[in-house]
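Below: one structure, written as structure tokens.
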Amino acid sequence: MAMTAAPGSHMAAVKPCISSSQRTYMSCTEKFGTNSEVGVWRRLKSSSHISATQPFSQSLKSGPAKSVKVVTRAMSGAAENSPLPGLPIDLRGKRAFIAGVADDHGYGWAISKALAAAGAEILVGTWVPALNIFESSLRRGKFDETRKLPDGSLMEITKVYPLDAVFDSPEDVPEDIKTNKRYLGSSNWTVKEVVESVKQDFGSIDILVHSLANGPEVTKPLLETSRYGYLAAISASSYSYVSLLKHFAPIMNPGGASLSLTYIASERIIPGYGGGMSSAKAALESDTRVLAFEAGRKHNIRVNTISAGPLRSRAAKAIGFIDMMIDYSSENAPLQTELSAEEVGNAAAFLASPLASAITGTVVYVDNGLNAMGVGVDSPVFENLDIPKAAK
């Protein structure tokens, strides 16, 4: 099973979420690091949100990566009510629900950090089989290295909800899932139930992020993909977004923003990215345009998707050639640097902010410009051309 975009602390009296497991989708996760804490994130200035409820997590530090990393700077709480200089991304007073956060290496995690650094309150939906491990890792401090914001303040996850976005309501859950040992003892994890829980706990949200996908037959060529595999990819990777927005939109504040993650395979041939996943991403992009119109007219919500370049993640490794794709991108993209998940997080923070108030129905490419290339310039065909290389 794989996806591409292309998501212990010191805790006192933490209220655990319902533990269970899940089988049919995974959060979009990509590895990112922190060896250069400069750049775009410094323009994301805000205070860390301090929730009135007990935060799920309390500490965080950034981890290593090969790429140059951009860092989000958070202001101290003392400056929360003071004017912000320049043209900052200010999400203070906003609440975000990020669906598809299962570890600290992915797009969902990076987006959560960027939104938190801009001042938003963070709620996450974690796919059910990873829930126990995710919560345990937070409690035991395993995410400490990646939970710290650049100024030393802490990203807080106010609450973690179990979520299986393949099922809209309890009536949709088949008997074999209800009796599956990974689901026993768990409840309220379908889309409808999660939204009802969020409404009961917080009333409303302002930002919805869809950072999950799954294609059980992703390694199979399309010609060898079964009907089950194809439809499963569409259900988990595309319709899950329609369902989440359908159910969340009524409790989203006017002027809110909804985001998803897509991949260039939606419009270009990527051999090896099979099992219907390219079709699922194409559907997701088409749905983004239609949802932008419908949600915009009915709820005054903006809908966009980010087409991210290749990144290393546990999910992407299931495809089997992610390292080759990263090397290909580095050789052929206009910007010859390895993409970091933080850069995707920064784009998401911008799209969720008032600075993007007139942007909707759009695919935003965050891939170092690879989408613009018509040929691979590393081909021997071009060996006699004087093609510039990035300065070392």
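Note that these values count all heavy atoms, side chains included, but never hydrogens, waters or copies made by symmetry.
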Restricting to non-hydrogen atoms, name the atom on [X] and the atom on [Y] that form the minimum distance, rounded to 0.1 Å.
X      : Y      : result
Pro388 : Gln336 : O-OE1, 4.3 Å
Tyr241 : Thr288 : CE2-OG1, 4.4 Å
Ser112 : Ile122 : O-CD1, 3.6 Å
Asp103 : Trp109 : O-CE3, 3.4 Å
Ala295 : Val303 : CB-CG2, 4.1 Å
Leu149 : Lys113 : CD2-O, 3.9 Å

Qualifying salt bridge (Lys or Arg N to Asp or Glu O under 4.0 Å) pairs, either residue in residues 285-308, two or more places apart: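 For residues 285-308: none.
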Inter- and intrachain pairs under salt bridge (Lys or Arg N to Asp or Glu O under 4.0 Å), touching residues 216-242, at least two apart: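 Sorted result for residues 216-242: Glu217-Lys220.
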Check against side-chain contact (heavy atoms from CB on, under 4.5 Å), Asp164 and Ile177: CA-CA 11 Å; Asp164 187 337; Ile177 295 299; 5.5 Å; no
Keeping the roles fixed (side chain from [X], backbone from [Y]), state whether a donor-acceptor pair exists under 3.5 Å.
X      : Y      : result
Lys281 : Leu261 : yes
Thr126 : Val101 : yes
Ser238 : Ala280 : yes
Ser237 : Ala233 : yes

Side-chain hydrophobic cluster, 4.5 Å single linkage: members besides Val290: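 For Val290, no cluster forms, as it stays isolated from other hydrophobic side chains.
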Hydrophobic cluster (4.5 angstrom, side-chain heavy atoms) - remaining members for Leu222: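 Leu222 shares its hydrophobic cluster with Tyr230, Leu231, Ile234.
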Side-chain heavy-atom pair Met325, Ile270 within 4.5 angstrom cut-off: yes
Close side-chain approach of Phe167 and Pro174, heavy atoms under 4.5 Å: yes
Polar side chain donor-acceptor pair, Ser169 to Asp172, under 3.5 angstrom: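 A pair is found: one side chain offers a donor N or O, the other an acceptor, under 3.5 Å apart.
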Criterion side-chain contact (heavy atoms from CB on, under 4.5 Å) on Leu291 and Ser258, from CA distance to verdict: CA-CA 10 Å; Leu291 291 171; Ser258 182; over 6 Å; no
Only counting residues at least two apart or in another chain, list the ones meeting side chain to side chain donor-acceptor pair (under 3.5 Å) with [X].
X      : answer
Thr305 : Ser260
Asn253 : Ser204, Asp206
Thr190 : Glu193

Selection residues 372-384 - residue pairs positive for side chain to side chain donor-acceptor pair (under 3.5 Å), sequence neighbours left out: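 The answer is Asn332-Asp378.
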Pairs where residues 350-375 contributes a residue and the test side chain to side chain donor-acceptor pair (under 3.5 Å) is met, not counting sequence neighbours: Glu267-Tyr365, Asp367-Asn371
side-chain contact (heavy atoms from CB on, under 4.5 Å) between Phe143 and Phe134, intermediate numbers included: CA-CA 9 Å; Phe143 296 157; Phe134 182 66; 3.5 Å; yes
With [X], which residues qualify under side chain to side chain contact (heavy atoms under 4.5 Å, CB included), at least two apart?
X      : answer
Lys178 : Val173, Glu175
Ser278 : Ala265, Tyr273
Ile269 : Pro271

For the [atom1] atom of [X] and the [atom2] atom of [Y], what is their distance to the nearest 0.5 Å?
X      : Y      : atom1 : atom2 : value
Met252 : Arg95  : CE    : CZ    : 12.0 Å
Ile98  : Leu163 : CD1   : CG    : 12.0 Å
Lys246 : Phe248 : NZ    : CZ    : 14.0 Å
Phe97  : Ile251 : CZ    : CD1   : 9.0 Å
Trp127 : Leu212 : CH2   : CG    : 11.0 Å
Thr158 : Glu121 : OG1   : CD    : 3.5 Å

[X] and [Y]: same hydrophobic cluster, using ILVMFWY side-chain contacts below 4.5 Å?
X      : Y      : result
Trp189 : Ile133 : no
Val209 : Ile359 : yes
Leu370 : Val364 : no

Verdict with reasoning, Leu91 to Ile207, per side-chain contact (heavy atoms from CB on, under 4.5 Å): CA-CA 10 Å; Leu91 296 176; Ile207 300 163; 4.2 Å; yes
Other residues, nucleotides, ligands: >12 heavy atoms within 6.0 Å of Leu335 CG: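 Atom CG in Leu335 is crowded, with more than 12 foreign heavy atoms closer than 6.0 Å.
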